Amino acid sequence: MHAERISEALQEAATGWGVDDIRFRLDRPKEPSHGDLASNIALTLASRLKRPPRDIAGDLAERLAGIAGVERIEVAGPGFLNFFLDAGVVGGVLQRIVAAGSAYGRGEDGAGRRIMVEFVSANPTGPLHLGHGRQAALGDVIARLLEWSGWNVHREFYFNDAGRQITRLAETVLARYRQLLGHDEPIPEGGYHGEYVVEIASAFLEREGRRYENDGGEAALAAMRHFAVDVLRDEQKRDLAGFNVRFDEYYSERSLYSDGRVEATIRALEATGLTYGHEGALWLRTTRFGDQKDRVMVKGDGSATYFLPDVAYHMSKWERGFREVVNVQGSDHHGTVDRVRAGLQALGRPEGYPEYLLHQMVTVERGGEEVRFSKRSGSYTTLAELVDEVGADVARYFFLMRRPEAHLTFDLDLALDQSDKNPVYKVKYAHARLCRLSELARERGWAGADSGLAQRADTSRLEAPTERELINQLGEFPGFLRRAASTRAPHVICDYLERTAGLVNTWYQTGHPTRNPGLSALVGDDELRNARLTLSLAARIVLRNGLAILGIEAPERMVRDE
RNA sequence: GUCCCCGUAGCUCAGGUGGAUAGAGCGACUGCCUCCUAAGCAGUAGGCCCCAGGUUCGAGUCCUGGCGGGGACACCA
């Protein structure tokens, strides 16, 4: 790439002046009239060299004047260097994009190393809600971004099938079961009020008959618990599959007890000498590692707090070889971050293990009013209901288009809108219309856009400002992808795609035959047409790859629902 | 009281390691289809970037202190 060559030349010049540790930028300016590339190096050198930045810039411009591929260099503003590249150099990126095809944007930052992304991790006590939906979308796309960046990614879902919540669920199902058999039985204190519990109870009745009608004992509760957890886990898996999210592994909290990991963790922590007894409980000195207060490991009644299986679980991640772990969780879990890390540090794991991405909650609005209620769940809107209403693609996109740390308002009216107002359709439509261009070319007896055409196309013919800007935008895709992956920020991809789609549409409209026949993609000039079809193919590839990272389909045609 | 996140256009939100005139979508207004899908494009209007200090050539961005909103602070999983 020419950017690297220019960057090196700038660095060399600085070294020549005795400054070899200078930090500067060389990137695409927001304003196209500022060239294809711009650098602030003269401004950063000014204080070191004690010279006016514009003088430095002038010297640099002269020095770099002969560099290949650079048409001209301008000194602008307070001392920026603006580089204008040869049209052939700019257009050359299109051939590279087409050659890379569905791999365009892939990188090697991960170098094949393993990384785990843990996300969703919902309790099997009810249907998934919108917070889980946001988390499912975030976790899945972060996983995809990491895969595109060369990591070997493992997707994991941890489910709490051991605690008091599950017991409460079993008690509620049992109560509903007996209600179905005509008994007057109240929902237990702290039980689950959703409709789904009745469904589970009636399925249980169908399978087991009246067997547990007068049995509220341990055996009945155990049977109920197994049954309900199975049903709900299946439902959660179905909802996730319908949302285009799959996991490599589901990890059970119960298994941490049955395979002795919890017990082993207690012993290992005791061996560190950082534990102590107090008021009948066993504590760990987590304050030693920056926690706000020490934590109880084993309660006075001999049972473990959730802290212990959490530590045991993360030790399992480490022991399975995952040195890189990203936990995607709701921000309501932020209180557990320090103590889990403290427990792990006590056992010798590195500070800051694992990495956490905490996201804010989701609210839904329709007609400007917040939507809260769902009959089936008892209170919250479920993910399945949302996907049913707007489709998986739209739901995914809306969950992803905001920064994870920012609260998300899901606007149902906008999500259901099939017009330009809806950013998902804007991006999809741009892709579809580019596909259509190539089809039309073939219908008219010309060559369509393919890699063969791209190789022989003279892309230096693409000189219109709208073309140049779009080409530069396409060339930046790998950089955006890399940044999105390393900062765990899927919304960066959404922003990039919307901007790209906007430039595609501008280019397309500017060349509309009724307005500017000369700028149309399907002009009679073979050479020019082929160059433009190559541009359209490269843009298609970028939009398709970007949507693939988001787990969203890139249609070749858009059919509007009426 | 302690900790985390947020505060940018009427609304919902973007704004790499500090850089040129702070952007997008929606909403409002004005144009553009005999001819590549108008599911689109072009343009206008709309801003004390919560406030006050500080760091420097330069701050929406970094530091400190406030104010406002949300969340977390259990021998609850």
Side-chain angles (χ1 to χ4, degrees), chain A residues 23 25 27 29-31 34 38 40 43-44 46-47 52-53 76-80 82 123 125 159-168 190 253 278-283 292-293 295-301 303-307 309-310 330-338 358-361 365 368 401-409 411 413-414 417-423 425-426 428-430 432-434 436-437 439-441 443-444 479-480 482-483 486-487 489 491-492 494-495 498-499 502 504-515 517 520-522 557-560:
Chain A
R23 285 155 58 97
R25 294 174 51 163
D27 46 24
K30 282 179 284 192
E31 176 61 44
H34 292 153
N40 65 346
L43 284 94
T44 62
S47 62
F80 288 98
N82 294 340
N123 289 349
T125 54
F159 62 101
N160 297 40
D161 51 351
R164 189 180 298 174
Q165 308 279 347
I166 297 295
T167 305
R168 240 179 235 145
E253 183 190 12
H278 178 63
E279 291 178 355
L282 185 63
W283 296 66
Q292 291 202 324
K293 51 177 285 194
R295 303 294 168 175
V296 171
M297 300 161 53
V298 182
K299 295 186 249 180
D301 66 3
S303 64
T305 63
Y306 63 92
F307 167 67
D310 273 358
S331 61
D332 53 334
H333 285 75
H334 108 267
T336 68
V337 173
D338 284 348
L358 302 178
H359 65 85
Q360 293 285 322
M361 292 299 136
E365 278 187 8
M401 67 187 187
R402 304 295 178 220
R403 280 154 65 230
E405 311 82 63
H407 172 87
L408 178 71
T409 303
D411 183 341
D413 301 314
L414 182 58
D417 196 306
Q418 294 195 15
S419 77
D420 54 309
K421 296 174 191 170
N422 190 329
Y425 287 108
K426 178 177 178 171
K428 288 186 173 217
Y429 179 57
R433 74 183 351 168
L434 291 172
R436 184 66 184 143
L437 275 182
E439 253 180 58
L440 280 166
E443 281 172 21
R444 293 179 193 182
F480 273 86
R482 189 175 186 205
R483 181 159 66 91
S486 64
T487 60
H491 75 278
V492 166
C494 295
D495 286 348
E498 281 175 55
R499 170 103 179 113
V504 164
N505 286 331
T506 297
W507 171 71
Y508 180 92
Q509 287 293 343
T510 306
H512 199 281
T514 57
R515 189 170 307 144
S520 169
L522 302 178
R557 280 198 112 107
M558 294 286 281
V559 182
R560 188 181 208 160

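What you see is a predicted model; the values in this text were computed from it and never measured. In the text below, chain A, chain B and the rest are named by the order of the sequence lines, each starting its count at 1. As a basis for the values below, the full set of heavy atoms in this structure was taken, side chains included, without hydrogen atoms, waters or symmetry mates.
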Calculate the interatomic distance between [X] atom [atom1] and [N] atom [atom2]; express it in whole Å.
X: A/Leu414; N: B/rA39; atom1: CG; atom2: C1'; result: 13 Å
X: A/Arg164; N: B/rC75; atom1: CZ; atom2: P; result: 12 Å
X: A/Glu365; N: B/rG27; atom1: CD; atom2: C1'; result: 15 Å
X: A/Asp161; N: B/rA77; atom1: CG; atom2: P; result: 14 Å
X: A/Arg515; N: B/rA42; atom1: CZ; atom2: P; result: 9 Å
X: A/Asp411; N: B/rG27; atom1: CG; atom2: C1'; result: 12 Å
X: A/Asp495; N: B/rA14; atom1: CG; atom2: P; result: 8 Å
X: A/Phe307; N: B/rC73; atom1: CZ; atom2: P; result: 16 Å

What interatomic distance, in whole Å, is found between [atom1] of [M] and the corresponding atom of [N]?
N: B/rU12; M: B/rA52; atom1: C1'; result: 29 Å
N: B/rA20; M: B/rC49; atom1: P; result: 16 Å
N: B/rG47; M: B/rG65; atom1: C1'; result: 26 Å
N: B/rG66; M: B/rG10; atom1: C1'; result: 28 Å
N: B/rA14; M: B/rC6; atom1: C1'; result: 15 Å
N: B/rA59; M: B/rU17; atom1: C1'; result: 15 Å
N: B/rC48; M: B/rU56; atom1: C1'; result: 23 Å
N: B/rC36; M: B/rU30; atom1: C1'; result: 26 Å

In Å, rounded to the nearest 0.5 Å, how long is the span from [atom1] of [X] to [atom2] of [Y]?
X: A/Glu439; Y: A/Arg433; atom1: CD; atom2: CZ; value: 14.5 Å
X: A/Arg402; Y: A/Asp495; atom1: CZ; atom2: CG; value: 8.5 Å
X: A/His334; Y: A/Thr336; atom1: NE2; atom2: OG1; value: 9.0 Å
X: A/Arg295; Y: A/Phe307; atom1: CZ; atom2: CZ; value: 8.5 Å

Side chain proximity check, [X] to [Y], heavy atoms < 4.5 angstrom:
X: A/Glu405; Y: A/Ser331; answer: no
X: A/Ile166; Y: A/Phe159; answer: no
X: A/Asn505; Y: A/Lys426; answer: yes
X: A/Thr125; Y: A/Arg168; answer: no

Under 4.0 Å between any heavy atoms, over every strand shown, what does [X] touch: base, sugar-phosphate, or nothing? Just pick one.
X: A/Thr506; answer: sugar-phosphate
X: A/Glu439; answer: nothing
X: A/Asn505; answer: sugar-phosphate
X: A/His491; answer: sugar-phosphate
X: A/Gly79; answer: nothing
X: A/His359; answer: nothing
X: A/Leu440; answer: sugar-phosphate

For [N], which nucleotide in any strand shown is its Watson-Crick or wobble partner with both distances under 3.5 Å?
N: B/rU2; value: B/rA72
N: B/rC32; value: B/rG40
N: B/rC62; value: B/rG54
N: B/rC13; value: B/rG23
N: B/rG18; value: none
N: B/rG47; value: none

Exercise. Does any N or O in the side chain of A/Asn40 come within less than 3.5 Å of the main-chain N or O of A/Arg25, such that one atom is a donor and the other an acceptor?
Worked result: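 Yes: the side chain of A/Asn40 pairs with the backbone of A/Arg25.
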Exercise. Judged by atom type as modelled, is there a donor-acceptor pair below 3.5 Å linking the side chain of A/Thr305 to the main-chain atoms of A/Val296?
Worked result: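 Looks like yes, one N/O pair under 3.5 Å.
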For this session: List the atom of A/Ala162, the atom of A/Glu253, and the distance in Å for their closest heavy-atom pair.
Result: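 Closest pair (atom of A/Ala162, atom of A/Glu253, distance): CB-OE1, 3.6 Å.
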For this session: Would you name the heavy atoms of A/Asn82 and A/Ala38 that are closest together and state the gap between them?
Result: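 It is OD1-CB, 3.4 Å.
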Nucleotide nearest [X] when distance is taken to its side chain, options [options]:
X: A/Tyr508; options: B/rC75, B/rC36, B/rA39; value: B/rC36
X: A/Thr514; options: B/rA74, B/rA39, B/rC35; value: B/rC35
X: A/Ser331; options: B/rA77, B/rG71, B/rA39; value: B/rG71

Exercise. Salt bridge between A/Lys299 and A/Asp301, side-chain N to carboxylate O under 4.0 Å?
Worked result: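 Not counted as a salt bridge, because no side-chain N and carboxylate O are separated by less than 4.0 Å.
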Exercise. So, is A/Arg168 near the phosphate of B/rC76, with a side-chain N or O under 4.0 Å from OP1 or OP2?
Worked result: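 So the side chain of A/Arg168 is outside the cut-off, no N or O lying under 4.0 Å from OP1 or OP2 of B/rC76.
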For this session: Mind telling me if B/rC67 is syn or anti? Syn here is a glycosidic angle within 90° of 0.
Result: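 Base orientation relative to the sugar is anti.
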Exercise. Using the purine O4'-C1'-N9-C4 or pyrimidine O4'-C1'-N1-C2 torsion, is B/rG16 syn (within 90° of 0) or anti?
Worked result: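 B/rG16: syn glycosidic orientation.
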Problem set entry | Base-contact (B) and sugar-phosphate-only (S) positions in nucleotides 16-21 of chain B, heavy-atom cut-off under 4.0 Å, - elsewhere | BB-BB-
Seminar exercise, completed: In 5'-to-3' order, the base (B), backbone-only (S) or no-contact (-) status of each nucleotide in nucleotides 1-12 of chain B, using a 4.0 angstrom heavy-atom cut-off, is -SBSSS-----B
Exercise. Considering heavy-atom distances to RNA chain B, does A/Trp507 or A/Glu253 have its closest nucleotide positioned more toward the 5' end?
Worked result: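 Checking each residue's closest nucleotide, the 5'-ward one belongs to A/Trp507.
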